[in-house]
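Along the sequence shown, residues are numbered consecutively beginning with 1. Small disclaimer: the values here were computed from a predicted structure and weren't measured.
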Amino acid sequence: MQTVHLLVKGKVQGVFYRATAQEKAEQYGLKGWVRNTADGEVEMMVTGESENLDQFIGWCRNGPDRARVADVIITEKEVEHFPGFRVIR
């Protein structure tokens, strides 16, 4: 198990990024949360198996169709346990 903090930069708000990220995370069996930041970015904490995290991060680099991802900053964290994957509003 591994936990990562992701900061997604670019045109990532108002394009269903959070909702789609939640669907993808659940598809990959990941747990954590996703939220918009005041700076127009999307922030996530995600826990799961390394292989599933890698696939999810690969998706994050493109996001949903209307997103234009400029960068994904990945920071490894101490393992955290979450009950599921939720969108924080």
Side-chain angles (χ1 to χ4, degrees):
M1 290 294 266
Q2 180 181 1
T3 298
V4 293
H5 176 266
L6 304 174
L7 191 60
V8 185
K9 299 174 174 269
K11 183 180 186 280
V12 292
Q13 289 189 11
V15 296
F16 299 100
Y17 199 104
R18 291 176 302 160
T20 311
Q22 182 182 33
E23 289 175 17
K24 291 292 182 183
E26 290 171 349
Q27 209 175 26
Y28 292 124
L30 305 173
K31 300 189 186 242
W33 52 261
V34 59
R35 69 179 171 197
N36 286 339
T37 71
D39 297 335
E41 299 164 343
V42 170
E43 177 183 27
M44 293 180 256
M45 286 286 280
V46 189
T47 297
E49 297 299 326
S50 296
E51 182 178 313
N52 294 346
L53 277 172
D54 289 345
Q55 290 177 322
F56 180 72
I57 291 167
W59 175 84
C60 288
R61 293 186 192 285
N62 294 308
D65 290 340
R66 293 180 15 203
R68 297 294 170 260
V69 177
D71 196 12
V72 177
I73 298 169
I74 304 161
T75 308
E76 292 214 23
K77 297 289 189 179
E78 292 282 327
V79 174
E80 283 192 54
H81 298 281
F82 302 97
F85 195 93
R86 66 187 183 115
V87 175
I88 299 174
R89 303 211 186 304

Counting only pairs under 3.5 Å, give me each side-chain donor-acceptor contact of residues 23-36, with atom names and distances, residues two or more places apart or in other chains.
unit_1: R35; atom_1: NE; unit_2: E43; atom_2: OE1; d: 2.8
unit_1: R35; atom_1: NH2; unit_2: E43; atom_2: OE1; d: 2.9

* To do: Any pair with a residue in residues 53-70 that passes side chain to side chain donor-acceptor pair (under 3.5 Å), sequence neighbours left out, goes on the list, sorted by first then second residue, please.
  => none
Identify, with sequence neighbours excluded, every residue that meets side-chain hydrogen bond (donor to acceptor under 3.5 Å, both in side chains) alongside [X].
{"X": "R86", "value": "none"}
{"X": "S50", "value": "Q2"}
{"X": "K9", "value": "E41"}

* Spell out, as yes or no, whether a donor-acceptor pair under 3.5 Å connects the side chain of Q13 to the backbone of T37. =>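 Flag set: sc Q13 to bb T37 pair under 3.5 Å.
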* **Donor-acceptor under 3.5 Å (T3 side chain, E80 main chain)** =>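 Yes; judged by distance alone, with no hydrogens or angles, the pair exists.
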Please answer: with hydrophobic residues joined when any side-chain heavy atoms are less than 4.5 Å apart, are [X] and [Y] in the same cluster?
{"X": "L7", "Y": "V46", "result": "no"}
{"X": "M44", "Y": "F82", "result": "no"}
{"X": "I73", "Y": "V4", "result": "no"}

* To do: Can you see which heavy atom on V42 is nearest to which on V12, and at what distance?
  =>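 Minimum heavy-atom contact is CG2-O, 3.5 Å.
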* Closest contact, heavy atoms only, Y17 versus A67 ->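 Here Y17 and A67 meet closest at CD1-CB, 4.0 Å.
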* Structure fact -> Value for CZ (F85) from CE (M45), rounded to nearest 0.5 Å, stands at 11.0 Å
* Distance from E78 atom CD to T47 atom OG1, nearest 0.5 Å? ->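 Answer rounded to 0.5 Å: 11.5 Å.
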* **M1: hydrophobic cluster co-members (side-chain, 4.5 Å)** => V79
